[in-house]
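What follows is a single structure, written as structure tokens, with notes after it.
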Amino acid sequence: MSRPLRTRNDAILRDMTPFLVAMPNHWSWLDRSPFGLTIPDENIIDPTKMASERFLLLLQTLDRLTFGPEGMPMPRWVFYDCAEVPGAIFGFAQKAEKLPDAVREAIGLEPGETGLVPFSMYVAIPIHPPDTWFGHNLASLNPTFPSMNLKGLASITKALALRVFRCQVQIGATQWDSDALHIHTRFGPLDLLTAWTPAHSEAETLTYRLQVTEDNLRYACGDPDATLEYPEADFEVTADDRAAMQDLQARIEAGEKYVVVGPPRRHQQGRRIPVARVKTD
Amino acid sequence: MTGCGPPVDRGIDLFCVLCHTACVEHDRYRRIIDTCQPYLVTSAYGTAAESGRLPFGLEIKPELCFDPHRVASGPFLHTLQRLDELTFGPVGMPMPRWVFYDCAEVPGGIFGFARPASEVPLWVRYALDVPDDYEGPVPLSLYVAIPMVEPGSWHTYTMCSLNEVAPGAGPANLALFTQAVGLRAFSMQLAYGTTQWRSYKLGDHARFGPLDLITAWTPAHSDPTTLTFTIPVNARRIEDALEIEPARPAVDDPVIRWIDCDEHSQLRALQADIEAGRRFQIVAGPVIDGSYTRVPVREVTS
């Protein structure tokens with residue numbers, strides 16, 4: 001049995017409740033007790049049931065509050081066709097009746113409304129079932145409600161989600177200037193699959209691959225006993241340097257391999273992301 | 001008939017035993033096979049990259065395999081998105097570019113048929129916003145499929161052909177043929193799908209049926225009149241879909257429940273029955289009678 005999970009904010013595990021959205025025929029393929037934290041049966045949501053509508057609508061609210069200002073909120077049909085039916089959504093929720101009035105109002109709850117209210121989610125769909133997944137949405141209301149002591153919610157959510165999905169290889173895409181890169185790099189070095197992605201809504205998107213291990217999940221959660229090593233950087237990419245991204249992309253397409261080896265750091269000329277070249281024989 | 005003998009079902013391929021070519025019984029779709037070329041968009045990490053052979057002697061040429069991780073694929077992928085905008089924009093569900101990337105091209109794939117730009121009429125190029133100096137393939141149909149958690153199951157949530165908005169842009173029945181070949185291109189055993197009760201596409205889906213209903217009323221979707229269904233994929237179903245129009249049951253058939261697609265109370269009632277554990281199938285495409293659209297559904301009791 002693995003040792004209990006310790007995080008940078010154990011109040012999340014203590015005070016919030018995990019949930020899972022997935023088709024019933026997928027439940028047996030998933031780990032419903034990640035790191036010993038059991039998802040209550042009543043928190044396992046079937047997206048095909050009419051009674052699930054309200055909770056699924058609140059997931060869309062979570063997404064809008066997180067991504068609305070960045071311009072990529074997820075349409076309802078995308079939630080259904082590109083998450084709930086083929087893959088899964090894991091996150092943490094709180095009971096509506098426990099929430100302060102100001103939070104209830106901001107989320108759009110009805111007076112007297114009860115039930116689960118999602119505060120974070122990680123959305124992923126299989127690429128190569130059962131162990132390779134594409135994570136395409138990580139949302140957390142920590143920035144929206146800073147007074148609720150939700151520090152670390154996004155990392156903890158992603159870590160437990162990857163365990164729930166039994167994911168061993170995670171592919172993802174994010175923008176060079178996205179705050180999310182701070183979170184994704186907590187899980188370890190990220191193999192760069194693309195550095196410049198015109199196929200995406202924003203060409204300044206990087207695609208990465210992460211090898212998932214128990215150690216890097218614990219490290220990302222902030223477990224003080226977990227360690228993770230990162231290679232030394234060979235250079236940095238400035239988050240708005242399109243020419244550098246395009247040059248790096250050309251090198252990747254020519255067969256060279258690169259890894260993002262740490263979180264972005266602030267610099268006078270903007271954010272800089274450390275990258276190492278992988279030596280190949 | 002050329003005398004090559006009947007096609008032999010080897011489980012996945014419909015090849016003639018003697019000459020290993022698409023049997024002439026499929027001459028009905030010869031115009032598509034002769035004038036359009038199959039393409040595939042998939043990343044090196046997708047299962048679609050391992051997908052097997054196509055039926056009817058079709059092959060996907062290397063120059064028609066597009067990797068979304070490569071910059072050179074950009075112009076073709078842009079035109080694909082334009083095709084989607086034209087067909088799904090009017091119903092309020094065009095696919096954002098990031099959804100194409102995150103939820104189709106990388107995890108699964110997009111299959112369809114295209115023609116070289118030089119062989120596409122100017123009005124089609126204009127409709128698809130193809131640059132004047134573009135000389136590559138122009139997609140006329142697309143079929144999106146992504147793997148599901150359960151191995152062997154795929155979710156096919158988008159399909160269309162330019163004929164829907166520009167009749168004559170491609171041969172007739174291009175969407176149906178794209179779906180038939182696409183089901184094999186991704187080596188799926190069970191196909192999930194979603195569409196709306198009033199969608200004309202339900203008729204095409206029903207040709208591969210009967211369709212097992214997972215939902216009849218879907219408030220989780222942008223359009224609650226969405227239904228979710230499954231199709232077991234095998235060579236016989238694909239063959240029949242291309243050759244046979246499912247017989248519509250009689251109006252007074254006692255085992256058939258005719259669903260009025262515009263009566264939401266009926267859709268909700270059917271959904272309630274499904275959630276109570278009863279099983280239903282759509283047995284044929286919609287029947288339009290005056291201003292009424294009805295779909296035949298039967299309960300599966302065995």
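Since the structure is predicted, the reported quantities are computational estimates derived from the model, not experimental observations.
Here the straight-line distance linking atom CD of A:Glu53 with atom NE2 of B:His221 works out to 13.5 Å at 0.5 Å rounding. Residue A:His26 holds its NE2 atom at 6.0 Å from OG of B:Ser153, rounded to the nearest 0.5 Å.
For A:Phe134, the part lying near chain B is the side chain, with the backbone staying farther off; criterion is any non-hydrogen pair under 4.5 Å. Proximity to chain A (any heavy atom under 4.5 Å) is shown, for B:Pro75, by neither the backbone nor the side chain. Heavy atoms of B:Thr218 lying under 4.5 Å from chain A belong exclusively to its side chain. Using a 4.5 Å cut-off between heavy atoms, A:Gln246 does not touch chain B at all. Interface residue A:Val85: backbone and side-chain heavy atoms are both found under 4.5 Å from chain B. No part of B:Gln81 comes within reach of chain A, as not one of its non-hydrogen atoms sits under 4.5 angstrom from that chain. Of the two parts of B:Tyr192, only the side chain, counted from C-beta on, holds a non-hydrogen atom closer than 4.5 Å to a non-hydrogen atom of chain A. The contact between A:Arg209 and chain B is made entirely by side chain atoms (from C-beta outward), counting heavy-atom distances below 4.5 Å.
Of the possible donor and acceptor atoms, one in the side chain of A:Arg76 sits under 3.5 Å from a partner among the backbone N and O of B:Pro219. A donor-acceptor pair under 3.5 Å is absent between the side-chain atoms of A:Glu84 and the main chain of B:Ala220, judged by distance alone. Between the A:Glu253 side chain and the B:Val71 main chain, a donor and an acceptor come within less than 3.5 Å of each other.
Per-residue counts of heavy-atom pairs under 4.5 Å with chain B were compared for A:Ile171, A:Leu193, A:Asp46; the largest is that of A:Leu193. Across A:Ile252, A:Asn25, A:Leu56, the residue that shares the most heavy-atom pairs under 4.5 angstrom with chain B is A:Asn25. Taking A:Asp81, A:Thr48, A:Leu30 one by one and counting their heavy-atom pairs under 4.5 Å with chain B, the maximum is reached by A:Asp81.
For B:Glu135, the CD atom is loosely surrounded, since the number of other residues' heavy atoms within 6.0 Å does not exceed 12. Other residues, nucleotides and ligands contribute only 12 or fewer heavy atoms inside 6.0 Å of the CZ atom of A:Arg242. Crowding of B:Arg198 atom CZ: a count of heavy atoms from other residues, nucleotides or ligands under 6.0 Å not exceeding 12.
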Yes or no on side chain to side chain contact (heavy atoms under 4.5 Å, CB included) for B:His155 and A:Ile125, after CA distance, side-chain angles and deciding distance?
CA-CA 11 Å; B:His155 189 35; A:Ile125 48 180; over 6 Å; no
Set out, in order, the CA-CA distance, both residues' side-chain angles and the distance that settles side chain to side chain contact (heavy atoms under 4.5 Å, CB included) for A:Trp133 and B:Val149, then state yes or no.
CA-CA 9 Å; A:Trp133 291 69; B:Val149 175; 3.6 Å; yes
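Ring geometry for B:Trp98 versus A:His136: interplanar angle of 30 to 60°, hence tilted.
Side-chain N/O atoms of B:Thr228 and A:Tyr80 include a donor and acceptor closer than 3.5 Å.
Ion pairing between A:Lys49 and B:Glu275 fails under the 4.0 Å rule for side-chain N and carboxylate O.
For the pair A:Pro86 and B:Pro147, the tightest heavy-atom approach, listed with the atom from each and the gap, is CB-O, 3.8 Å.
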